[in-house]
Each structure stands twice: as C-alpha cells, then as structure tokens.
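Just so you know, these numbers come straight off a predicted model, no measurement behind them. Position 1 is the first residue of the sequence; numbering continues from there.
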Amino acid sequence: MDNIGVLLPFIVLIGAMFLMTRSAKKKQQQAMEMRNQMQPGTGVRTIGGMYATVKEVGDDTVLLEVAPGVHAVYAKNAIGAVLDDDEYNRIVHGDTHSGAGADDLPVVPDDASSLVAGDDTDAIDGAAKPDLTKKADTDDAPEDGKSDGRTGGKADGKADGGTDAK
C-alpha cells in the first residue's frame, strides 16, 4: 500500500508527458496537412510574416511570387499559413469589398479635423495660427545694444567691464 503513494507522482508525470507529446504530434500533423493543401495560385504567409502567392510546389520547397515578377524559393517548413482567397486579397491588396458588411466599416479621415471639439470643423481656420517659421539670423541681433545672451557681454562684442584701450 505504501508503494502506491511513492509511484503515484511518477505515474502522473509520465501521463502528462504522454499527453504533451500527443498534442505536439497532432499540431505537426495539422501543419503538414496545411502545407500539402498548397497549390499554384494559393496565397500564403511565411513564418517571417511575408505574404506571397504560390507558383510551384516541390517535394521540400515552394516557389513563391513575393511581388509581381519576383520569385523566391522557400522551404515548405517556412510556410506559416495557407490563406483563403478573400483573406489574402484583404491583407495584401486592401480589398474590403469582397466580404459581407464591407459597407458597414467606419470611414477614417485623412486628417485630424474630426478631432476638434465642436460641430464646425472650420473653427480652426478662424483662429490665429502660430508662426512656426524659422527666423533669419539677422533677426537674432538685439536692437537695444544689451547683452545678446551668447557672449555674456554687450551686443558690440565687448565683455562687461572691458575698456576701450587706445
């Protein structure tokens, strides 16, 4: 009876390891089936996040068209997902018209005019706009002859306490 208490943790550990390896094998099998579904014309996403179209499928490699006229050879294991046509076109080409409810999507403005409080978006145009242009160097010189803040002295170039020795 005492031996069962000692063996029980080992039995649970072996059972957990069996279940983990079983689920990992199942995931590998699903990935292999997904990669076998690839055929020319199918849209795919690589494990690096690149979207491409399958051109040819070999035993261990896949020829992908990553841009019009640009082809690259990838290992089959580098394919992360095989996408259906609607999803591929939505992601790569930005097509939103093929899915149901595409007209229900919110319209996003190109500028920040909708962020202004109030009903009238032209309210900003009536206000004085700040001058954000860079001033020329000639505008930096003080007009009253006082210190310009850079040399520590007067605007004429003499330091405080300097003399006009002749």
Side-chain angles (χ1 to χ4, degrees), residues 2-140 150:
D2 201 20
N3 291 338
I4 294 176
V6 173
L7 293 177
L8 187 62
F10 291 112
I11 294 171
V12 170
L13 183 63
I14 291 171
M17 289 175 53
F18 173 74
L19 291 175
M20 285 191 294
T21 57
R22 185 174 164 219
S23 67
K25 285 183 181 181
K26 190 180 274 188
K27 285 182 182 180
Q28 282 182 334
Q29 185 67 27
Q30 287 175 343
M32 189 182 304
E33 289 175 11
M34 180 257 321
R35 290 181 184 119
N36 289 335
Q37 291 177 2
M38 287 187 299
Q39 54 187 342
T42 306
V44 296
R45 181 183 65 236
T46 65
I47 58 174
M50 183 181 65
Y51 293 91
T53 305
V54 175
K55 287 298 177 182
E56 292 179 13
V57 179
D59 292 335
D60 295 329
T61 60
V62 180
L63 179 66
L64 300 179
E65 184 175 35
V66 296
V70 179
H71 297 92
V73 178
Y74 279 79
K76 270 190 177 180
N77 293 341
I79 304 302
V82 177
L83 308 173
D84 58 300
D85 291 339
D86 288 341
E87 183 179 7
Y88 180 78
N89 288 331
R90 181 184 58 81
I91 293 170
V92 174
H93 302 296
D95 294 345
T96 57
H97 303 294
S98 60
D103 296 333
D104 299 337
L105 294 175
V107 177
V108 179
D110 291 337
D111 58 2
S113 64
S114 64
L115 300 175
V116 177
D119 296 331
D120 189 14
T121 57
D122 294 330
I124 292 178
D125 295 337
K129 295 181 181 178
D131 183 20
L132 300 177
T133 58
K134 184 176 179 182
K135 305 243 189 253
D137 289 338
T138 57
D139 294 342
D140 291 341
R150 285 182 269 176

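- Atom-to-atom distance recorded for T42:OG1 and K55:NZ is 11.0 Å, nearest 0.5 angstrom.
- In this structure the side chain of L64 never reaches within 4.5 angstrom of the side chain of T53, judged on heavy atoms.
- Taking NZ from K26 and CZ from R22, the interatomic distance works out to 5.0 Å, rounded to the nearest 0.5 Å.
- Proximity of V62 to K76: side-chain heavy atoms (C-beta onward) are separated by under 4.5 Å at one or more points.
- Across all their heavy atoms, S23 and M20 have their closest contact at OG-O, 3.0 Å.
- Between M32 atom CE and Q28 atom CD the span is 7.0 Å, to the nearest 0.5 Å.
- Residue E56 qualifies as open at atom CD: its count of foreign heavy atoms under 6.0 Å is 12 or below.
- Judged by distance alone, with hydrogens and angles left aside, the side-chain atoms of R45 form no donor-acceptor pair with the main-chain N or O of L83 at under 3.5 Å.
- A heavy-atom distance below 4.5 Å is found between the side chains of N77 and R35.
- Across V57 and M38, no two heavy atoms sit closer than the pair CG2-O, 3.8 Å.
- Interatomic distance, CD1 of I47 versus CD1 of I79, reported as 8.5 Å (0.5 Å rounding).
- Applying the 6.0 Å contact sphere to CG of D60 captures no more than 12 heavy atoms from other residues, nucleotides or ligands.
- Interatomic distance, OH of Y88 versus CD1 of I91, reported as 9.5 Å (0.5 Å rounding).
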